[in-house]
Structure formats: C-alpha cells, structure tokens
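Scroll down for the structure; my scribbles are underneath it.
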Amino acid sequence: MLILTIETSCDETAAAVVRDGRTVLSSIVASQVKDHAVYGGVVPEIASRKHLESIPVVIDEALRTASVSLDAIEGVAVTQGPGLAGALLVGTAVAKAIAFARRLPIVGVNHIEGHLSAIFLEREVAFPFVALAVSGGHTHLYRVDGIGRYTTLGQTRDDAAGEAFDKVAKLLGLPYPGGVEIDRLAAEGDPASISFPRPLLHDGSFNFSFSGLKTAVLNHVRKNPVQEDGQQLRDLCASFQRAACDVLVTKTLLAAETEGIGRVVVAGGVACNSALRRDMAREAAARGIELAIPSPSLCSDNAAMLAVPGDFYLSRGISDGLSLDALANWPLDTIRTRLES
C-alpha cells in the first residue's frame with residue numbers, strides 16, 4: 001500500500017509517504033525546538049498551536065517530495081497515542097478529515113510501536129527480539145514477538161531516561177534540548193571523575209529509576225559548583241552519562257539473556273546518544289547478541305516509522321474508522337487485542 005502517515009505526539013509535526021511499509025518516498029519533520037527552548041521544555045499549549053500552523057505545510061511537502069498526490073494514497077496512519085492530548089488531537093483530526101474526504105482506511109498507531117518498528121525501514125530483524133524504548137517520556141523494555149505482539153518486561157518507576165538528561169542539563173544551565181548538550185560536553189570529559197549511583201542496577205528486575213541519579217547530580221553541584229563550559233562541567237556530564245548508560249545497557253542485555261533471545265533493538269530519542277550507542281554495541285558484541293539501532297533521524301520523532309505497523313494493519317483489513325480518538329495514555333502491550341478481535 002501507499003500510505004500517508006502523520007505524527008504529532010509532542011513537539012515535532014511530521015508527515016511521510018511510504019510504500020509497502022518499507023520504502024520511504026518522503027519524510028518531513030518540522031521541529032518546534034526554538035519555540036520551547038525559552039521555557040526549558042515543551043509547553044503543551046504552544047505545541048498544539050504550532051501543530052495547527054505546520055501540519056498543512058508539512059503534509060503538502062511530504063506529498064510533493066514523494067511526487068504523489070492525495071489521489072494516489074491508499075491509506076492513512078496516524079499517531080493515536082501516547083503523547084500530549086492536545087497535540088495528538090491535531091494529528092488525528094487532520095488524518096480523519098483526509099480519510100473521510102478521500103474514503104480511505106485509517107489506522108491509529110501507538111507512538112512507541114512506531115519507534116520499535118523504525119529499524120525495519122533500514123534492515124530486517126528476526127522476531128522475537130528484546131527492545132529498549134528510551135526517550136524523554138518512556139524508558140521501557142519489551143519482548144517483541146511480532147508487530148502488534150508486545151510484552152512489557154520492565155519500565156521506569158519515576159523519570160524516563162531522556163527526562164533525567166533534560167532535567168540535569170537544566171540544573172547545569174545548559175540550553176534546551178539538554179540531552180544533546182550533555183552528549184556533546186561528555187565527549188570531552190572523564191566519565192570516571194565522579195562516582196554517581198546506578199539505581200536498581202542489581203535489584204534483579206528489569207525496571208529503571210533515574211530520579212535518584214538526578215538528585216545525586218543536584219547534590220553534587222550544590223557542594224561543588226561547576227564553572228560554565230569548563231573541564232569540571234565536561235567531567236560531570238561524562239560521569240552522569242556513564243551512570244545512566246550503564247543502567248540502560250546492563251538491564252537491556254540482561255533481559256535478552258534471561259529471555260533467551262539473541263537480538264536487541266534500541267529505539268527512541270535517547271538512542272541518538274553517542275555513548276549509549278557505543279556502549280550498547282560493545283557489550284552486545286561481547287555477549288554475542290545481535291544489536292540493531294536505527295539511524296539518528298529514525299530515532300527522533302518522525303512519521304515514516306508509523307508506516308511499518310500502519311501498513312501491517314491496513315493490509316490485513318485492520319482499521320479504526322472515523323471513531324478513532326486520541327489516547328494520551330496507551331500501554332503498548334494492550335495492542336495485542338487488535339490482532340485477536
């Protein structure tokens with residue numbers, strides 16, 4: 001199928017045209033980073049308004065870049081959740097309007113399912129595999145037995161990893177988005193200079209916790225003020241990043257070994273982090289585990305990733321119709337009911 005996909009779950013307005021769930025003809029993303037930077041984080045009301053302004057332009061550009069018209073589109077896939085309610089409503093409303101006007105089938109896609117499926121736009125990975133979804137809003141481990149078949153193995157008990165990166169960056173006075181700045185500064189720092197805790201590292205579960213690590217950084221800074229853009233700041237960023245990555249890598253690979261699965265996929269915005277990519281690759285190779293991480297452009301929010309599950313569902317006659325509504329909260333392992341109904 002030739003599918004138009006739309007993503008508006010947070011602060012990127014995105015649209016893509018993808019053929020057969022694998023061939024990306026266009027992928028357009030309009031970022032709102034500058035609009036939220038002054039506030040140090042995403043402001044939901046501003047995000048919704050910017051989606052309203054950007055979405056017609058982004059969709060037109062996706063169609064133009066793909067050299068197709070709406071007449072050629074055979075189905076629509078849209079992020080239904082989870083995400084910011086107001087932002088999701090913009091995308092779902094536009095997707096339903098297009099589906100209604102063109103009499104096209106429409107399917108709502110789980111945002112995290114899209115991230116976990118993004119790797120298939122670049123390469124095939126055999127099922128089952130263990131997946132780490134790591135972003136500003138999510139840090140979850142899943143067993144993936146196929147598209148639509150997910151089992152939660154563990155999740156964060158408090159802050160998501162990306163959220164911890166952004167909060168630490170903010171307390172250090174770094175510009176938004178903070179995770180990118182920490183990664184940049186850490187590249188020139190000593191990750192062994194400060195011994196930060198690794199929460200839940202040896203608790204026997206696959207759950208995460210980053211709130212305590214964030215507080216440890218705060219307490220360290222209060223006792224040891226850092227100079228702006230000095231070596232001390234670089235060392236602190238490197239030490240914090242190492243602590244966070246140690247937990248993510250150790251828990252993920254332990255989950256794969258426990259499940260008896262030799263394949264791991266890492267996805268989501270934090271999967272762009274250079275230290276996480278490097279450390280995960282090194283440790284996975286040492287254990288004989290196959291690792292797959294999408295290119296950075298497919299790790300950050302985009303619409304092309306929705307086409308993998310979108311095409312899977314639509315080509316099997318699974319659609320939602322115009323009753324589709326935004327879901328701010330949508331646990332990934334509830335999707336199985338879609339295949340069983």
Side-chain angles (χ1 to χ4, degrees), residues 1-10 12 14-27 29 62 75-83 88 91 95 106-135 137-153 252 256 261 263-272 290-316 318-320 327 330-339:
M1 298 182 69
L2 187 64
I3 296 178
L4 172 68
T5 60
I6 298 171
E7 152 66 25
T8 62
S9 65
C10 191
E12 274 90 21
V17 177
V18 182
R19 188 182 300 281
D20 299 331
R22 293 294 189 273
T23 304
V24 180
L25 302 184
S26 66
S27 180
V29 180
V76 180
V78 60
T79 299
Q80 186 177 3
L88 291 166
I106 182 173
V107 65
V109 176
N110 185 292
H111 180 72
I112 302 304
E113 183 177 27
H115 275 302
L116 300 188
S117 303
I119 188 64
F120 293 106
L121 295 174
E122 296 183 321
R123 55 170 289 192
E124 292 298 319
V125 179
F127 296 111
F129 58 79
V130 167
L132 171 67
V134 57
S135 65
H138 301 84
T139 303
H140 287 62
L141 277 170
Y142 298 101
R143 177 188 172 108
V144 182
D145 288 291
I147 293 178
R149 302 185 182 279
Y150 312 97
T151 304
T152 302
L153 302 176
T252 301
I261 297 174
R263 291 168 295 280
V264 164
V265 170
V266 181
V270 180
C272 293
E290 177 188 347
L291 175 66
I293 308 178
S295 299
S297 63
L298 288 174
C299 290
S300 55
D301 286 353
N302 66 92
M305 65 186 187
L306 306 177
V308 179
D311 182 87
F312 179 87
Y313 295 128
L314 289 176
S315 64
R316 287 162 175 77
I318 301 172
S319 62
D320 291 298
L327 298 172
W330 187 8
L332 187 59
D333 47 16
T334 64
I335 292 177
R336 185 181 295 266
T337 57
R338 169 176 278 172
L339 299 177

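All values reported here derive from a predicted model rather than from experimental measurement. In what follows, residues are counted from 1 in the order of the sequence shown.
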Taking atom [atom1] of [X] and atom [atom2] of [Y], what is their separation to the nearest 0.5 Å?
X: Tyr142; Y: Glu113; atom1: OH; atom2: CD; answer: 10.5 Å
X: Ile261; Y: Glu290; atom1: CD1; atom2: CD; answer: 12.0 Å
X: Phe127; Y: Asp145; atom1: CZ; atom2: CG; answer: 9.0 Å
X: Arg149; Y: Ile335; atom1: CZ; atom2: CD1; answer: 12.0 Å
X: His140; Y: Asp333; atom1: NE2; atom2: CG; answer: 8.5 Å
X: Leu4; Y: Leu306; atom1: CG; atom2: CG; answer: 10.0 Å

Looking at [X] and [Y], what are the two nearest heavy atoms and their distance?
X: Cys299; Y: Cys272; value: CB-SG, 3.6 Å
X: Leu116; Y: Ala131; value: CD2-CB, 3.7 Å
X: Val109; Y: Pro309; value: CG1-CG, 3.6 Å
X: Tyr150; Y: Ile147; value: OH-CA, 3.7 Å
X: Ala16; Y: Ala303; value: N-CB, 3.7 Å
X: Ala304; Y: Thr5; value: N-OG1, 4.0 Å

Glu122 and Ser295 side chains, donor-acceptor separation under 3.5 Å: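 There is such a pair (donor and acceptor under 3.5 Å, judged by atom type) between the side chains of Ser295 and Glu122.
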
- Query: Are Val17 and Leu2 side-chain neighbours, meaning at least one heavy-atom pair lies under 4.5 Å?
  - Reply: yes

Residue pair Leu121 / Pro294, side-chain heavy-atom distance below 4.5 Å |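 Not touching, per the 4.5 Å side-chain cut-off.
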
Any sub-3.5 Å donor-acceptor pair from [X]'s side-chain atoms to [Y]'s backbone N or O?
X: Asn110; Y: Ile112; answer: yes
X: Arg143; Y: Pro128; answer: no
X: Asp301; Y: Glu12; answer: no
X: Asn302; Y: Met305; answer: yes
X: Arg316; Y: Phe312; answer: yes
X: Glu7; Y: Ser9; answer: yes
X: Tyr313; Y: Asp311; answer: no

task: Could you check Ser319 against Leu314 for side-chain contact (heavy atoms from CB on, under 4.5 Å), going step by step and ending with a plain yes or no?
output: CA-CA 6 Å; Ser319 62; Leu314 289 176; 4.1 Å; yes

Given the options Thr252, Thr151, Val264, Leu141 meets side-chain contact (heavy atoms from CB on, under 4.5 Å) only with Thr252

What class does the angle between the rings of His138 and His111 fall in, given that below 30° is parallel, 30 to 60° is tilted and above 60° is perpendicular?
->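 Geometry flag for His111 against His138: tilted rings.
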
Quick check on Arg19: does its CZ atom have over 12 non-hydrogen neighbours (other residues, nucleotides or ligands) under 6.0 Å away?
no

